[in-house]
Amino acid sequence: MDKRMSRALLTTIASASLLTAAACGGGGSSDKGNVDLPELKGEKIEVAAVWTGAEQKVFGEVIKGFEDKTGAKVAFTSTGDDIATVLNTKLKGGAAPDIAILPQPGLLNQYAKNGDIQPLSSDAVKAVDDNYATIWKELGSYENKPYGVWLDAANKSTVWYNAPLFEQAGVTEPKKWDEFLKTSKTLSDSGVKTPISLAGADGWTLTDWFENLYVRVAGADKYDQLSTHEIKWTDPSVVETLKTMQELFADKALVG
């Protein structure tokens, strides 16, 4: 997976002592299903993440299992889509969570730069070295110091299509953006109502569209610069990408 295109969740650790419990596991067993967790009876841990609804419910089951095995009590804070705003408010109020699960890797760099999170402990770094490829350690680091552990990655750049409808309309899979728009219009003209279906109720799906288009419009170097706040969101490359998105999203005949 191209590191510039990957979308993943980073776990940032605000308290290095909690890392072994939260992210690492114990020593060297070949059975990946069993990990040695420390005794944490009486400890209270707060975890913040974007999850709501069904995702929060599933994570609640993970929390319960962790509590049963360690004796710790875990409080979960759902931040919704705007996790940065919630965490920044908590930081200013001196009530930061122990662990934050971030959907934007750039936030890890921001918090590390500001001194809001601590580098991983030596035990945690060893666990990362033992279980991850080097690139994942690099992506969880700031100025060569590891601050985060990747827990999930997803390819969200796939477009699924209805092959029989393509055949009926006499079109093939598009390879470029202009071809994508042309194919969508052909499908629409053939009688397919709103040929593109988007799960746009949540904001993150639109950010994925933006990221995929941005790396095509501006290139990988600009993508990295934007993600690390080296260029502003008013940069001409951002404006051009939003105008490109508008070509699709402004056409009500294409998107539903």
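Because the structure is a prediction, the values reported are computed rather than measured. Note: hydrogens, waters and symmetry copies are ignored here, and every other heavy atom, side chains too, is used. Residue numbers count from 1 along this sequence.
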First locate atom CD1 of I99, then atom OG1 of T77, and finally report the distance between them rounded to the nearest 0.5 Å.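 These two atoms lie 12.0 Å from each other.
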
So that I can tick it off, tell me whether K90 and E46 are bridged by a salt bridge, with the cut-off set at under 4.0 angstrom between side-chain N and carboxylate O.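 Between K90 and E46 there is a salt bridge, with a charged N closer than 4.0 Å to a carboxylate O.
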
Check this for me: does any side-chain nitrogen of one of D235 and K222 sit under 4.0 Å from a carboxylate oxygen of the other?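 So D235 pairs with K222 through a salt bridge.
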
So, the side chain of [X] versus the backbone of [Y]: is there a donor-acceptor pair under 3.5 Å, distance only?
X: T79; Y: V86; result: no
X: Y214; Y: L226; result: no
X: N114; Y: D116; result: no
X: E39; Y: K41; result: yes

Can you find a pair of side-chain heavy atoms, one from [X] and one from [Y], that are under 4.5 Å apart?
X: K73; Y: E67; answer: yes
X: F59; Y: K57; answer: no
X: K137; Y: V125; answer: yes
X: W150; Y: V128; answer: no
X: L108; Y: I117; answer: yes
X: V47; Y: D98; answer: no
X: L187; Y: L254; answer: no
X: I196; Y: F180; answer: yes

Does anything in residues 230-256 pair up under ring pair (Phe, Tyr, Trp, His ring centres under 6.0 Å), and if so which pairs, sequence neighbours excluded?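 Residue pairs with at least one partner in residues 230-256: W209-F249, F210-W233.
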
Indicate the atoms forming the closest heavy-atom contact of [X] with [Y], along with that distance.
X: S141; Y: P146; value: OG-CA, 3.4 Å
X: A84; Y: Y111; value: O-OH, 3.7 Å
X: L87; Y: P97; value: CD2-CG, 3.7 Å
X: P103; Y: I101; value: CD-O, 3.7 Å
X: K156; Y: N212; value: O-ND2, 4.1 Å

Between the side chains of D123 and S121, does any donor sit under 3.5 Å from an acceptor?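 On atom types as modelled, these side chains do not qualify, holding no pair under 3.5 Å.
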
Hydrophobic cluster identity match, [X] and [Y], side-chain contacts under 4.5 Å:
X: L151; Y: Y142; result: yes
X: L198; Y: V159; result: yes
X: L102; Y: L91; result: yes
X: I135; Y: V149; result: yes
X: L206; Y: L213; result: yes

Pair L107-I83, side-chain contact (heavy atoms from CB on, under 4.5 Å): steps then yes or no: CA-CA 10 Å; L107 283 177; I83 188 171; 4.0 Å; yes

Decide side-chain contact (heavy atoms from CB on, under 4.5 Å) for Y147 and K145; before the verdict, give the C-alpha distance in whole Å, the side-chain angles of both, and the deciding distance to 0.1 Å. CA-CA 6 Å; Y147 283 87; K145 289 184 179 180; 3.7 Å; yes

With [X] via side chain to side chain contact (heavy atoms under 4.5 Å, CB included) - residues at least two apart:
X: A95; value: none
X: T134; value: E138
X: S78; value: T52, Q56, F76
X: E230; value: Q225, T228

Does anything in residues 176-195 pair up under side-chain hydrogen bond (donor to acceptor under 3.5 Å, both in side chains), and if so which pairs, sequence neighbours excluded?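 Residue pairs with at least one partner in residues 176-195: W177-E247.
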
May I have the step-by-step check of side-chain contact (heavy atoms from CB on, under 4.5 Å) for L37 and F66, ending in yes or no? CA-CA 9 Å; L37 297 175; F66 178 81; 4.1 Å; yes

